Protein chains: 2
Amino acid sequence: METRAHIVEAADRLFYENGFEHTSFAAIADAVGISRGNFYYHFKTKDEILTAVLAARSSRTREMLAEWERDESSPADRVRRFVEIVVANQVDIESYGCPVGTLTSELAKLGHPARPHAVGLFELFRTWLCRQFEELGFTAEADDFAMHVLAFSQGVAALSNAFHDGEFVQREVDRLDAWLADRLAGRSSEHPRH
Amino acid sequence: METRAHIVEAADRLFYENGFEHTSFAAIADAVGISRGNFYYHFKTKDEILTAVLAARSSRTREMLAEWERDESSPADRVRRFVEIVVANQVDIESYGCPVGTLTSELAKLGHPARPHAVGLFELFRTWLCRQFEELGFTAEADDFAMHVLAFSQGVAALSNAFHDGEFVQREVDRLDAWLADRLAGRSSEHPRH
DNA sequence: GTCTATATCGGGATAGAC
DNA sequence: GTCTATCCCGATATAGAC
């Protein structure tokens with residue numbers, strides 16, 4: 001039982017670092033410390049383990065978003081918390097890019113049936129961000145703003161991965177924070193709080 | 001002689017659509033209409049053809065940027081021309097993402113020695129955009145602005161690939177155009193807007 | 001320059017012993 | 001549940017004929 005969780009954990013990391021297709025069963029088995037034969041007792045096909053990894057990432061993401069919702073009292077701070085990911089995960093992103101974006105892109109090129117499942121990870125962030133903006137009073141623009149923040153994260157991650165430039169990342173974070181502050185400033189004049 | 005060019009052309013397209021690692025020699029040979037054996041007369045290793053594809057993309061990009069410089073008289077229009085790529089190439093981007101971003105990301109995960117060569121494609125756009133902003137009078141912020149526009153393109157491409165949403169793309173293009181207009185309006189003023 | 005045939009290797013997947 | 005041994009296939013790469 002515990003072995004299965006170990007496999008998913010190792011595969012999750014290897015898929016992120018080396019890509020889904022490039023990661024062999026041997027590499028996963030090696031990382032866990034079991035034989036290839038034993039591996040097949042837990043997962044019959046490579047797609048099966050991909051499904052398990054996606055499910056694990058999905059529940060981990062849900063937990064993280066719920067945690068942010070508990071930690072940060074204001075929706076604006078929650079959005080800022082999301083924006084900060086590119087700084088908090090900077091080391092990994094510089095080496096391997098965004099876990100969601102790179103996997104979605106790879107599965108798209110492979111024409112893999114699990115692609116929508118990977119897009120579902122994007123949707124978790126999208127709807128969560130959307131809700132934050134709705135709570136801030138942006139009923140009409142909430143999804144537009146959510147997608148804008150999501151696009152920010154993907155753009156910064158892609159170039160952080162290409163150029164390894166921490167100052168660029170910080171400048172973009174500051175820029176988005178300023179954009180957010182502008183939205184909030186414009187809103188309170190037209191839609192005063194409570 | 002012409003066969004070599006055909007191979008590079010086919011490989012370029014297949015690397016973009018299906019990814020570098022996923023593309024087999026057989027698939028390239030098939031697309032060109034030659035046998036696998038003949039293939040090795042022109043390219044000895046897979047890395048060799050990748051180098052040729054990167055060189056082809058590099059010269060094609062240089063030509064495109066030079067063309068934009070001839071077509072558009074003002075630097076601002078040239079930047080807008082770049083921004084419009086995500087609309088002009090929307091169909092391909094929805095299916096395969098950005099050719100530069102996805103290849104750079106894949107080579108990073110593979111730990112491939114040609115990765116810096118792929119990053120060089122980003123640098124072509126970066127320095128070109130930087131020069132446009134310099135010509136607009138932004139000496140200090142030119143590279144910052146260039147990277148911001150580049151990040152925009154990567155973010156939009158990634159989410160366009162994930163969600164296939166043309167309206168999102170247009171909204172982001174409009175948003176960046178507005179940002180650019182603000183920069184241009186504030187440039188000669190002492191109190192620039194955000 | 002182009003072909004067919006083939007060597008070699010790695011990875012996904014299975015069988016069966018313990 | 002875990003192991004070793006093995007099958008099978010696809011992919012890189014080579015040899016040599018035409």
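In the text below, chain A, chain B and the rest are named by the order of the sequence lines, each starting its count at 1. Given the structure is predicted, the values throughout are model-derived calculations rather than measurements.
Distance, B:Leu110 CG to C:dG10 P: 17 Å, rounded to whole Å. Protein atom CZ of B:Phe20 is 14 Å distant from nucleotide atom P of D:dA11, rounded to whole Å. Across the protein-nucleic acid pair, A:Asp47 atom CG and C:dA13 atom P stand 8 Å apart, rounded to whole Å. Here the P atom of nucleotide D:dA11 and the CZ atom of B:Phe43 are 20 Å apart, to the nearest Å. Distance B:Phe25 CZ to C:dT6 P: 21 Å, rounded to the nearest Å. Protein atom CD1 of A:Ile49 is 14 Å distant from nucleotide atom C1' of C:dA13, rounded to whole Å. Atoms NZ (B:Lys44) and C1' (C:dG1) sit 13 Å apart, rounded to a whole Å. Regarding B:Phe39, its CZ atom lies at a distance of 18 Å from the C1' atom of D:dA15, rounded to whole Å.
Taking the ring centroids of B:Phe25 and B:Phe43, they lie at or beyond the 6.0 Å cut-off.
Among the protein residues, A:Ser35 comes within range of the nucleic acid bases, having at least one heavy atom under 4.0 Å from a base atom. Heavy atoms of B:Tyr40 sit under 4.0 angstrom from at least one base atom.
Between A:His148 and A:Trp179, the ring-plane angle classifies as tilted under the 30° and 60° cut-offs. Classification of the B:Phe20-B:Phe15 ring pair by plane angle, with boundaries at 30° and 60°, yields perpendicular. Classified by interplanar angle (parallel below 30°, tilted 30° to 60°, perpendicular above 60°), the ring pair A:Phe82/A:Phe125 is tilted.
Mapping B:Gly37 and A:Ile34 onto DNA chain D by nearest heavy atom places A:Ile34 closer to the 5' end of the strand.
Listed candidates were D:dT2, D:dA13, C:dT14. Nearest to the side chain of A:Thr3 is D:dT2. For B:Thr45, the side-chain atoms get nearest to D:dA13 when compared with the rest of D:dA13, D:dT2, C:dG12. Proximity note for B:Tyr41 (side chain, C-beta onward) versus D:dA13, C:dT14, C:dT2: the nearest is C:dT2. Across C:dA13, D:dT12, D:dT2, the shortest atom-to-atom separation from the side chain of B:Arg36 is found for D:dT12. For B:His42, the listed nucleotide lying nearest its side chain is C:dT2; candidates were D:dT2, C:dT2, D:dT12.
Judged by the 6.0 Å distance and 45° axis criteria, B:Arg183 is not positioned over the aromatic ring of B:Phe133.
Here A:Asn38 does not reach the OP1 or OP2 of D:dG1: none of its side-chain N or O atoms lies under 4.0 Å away.
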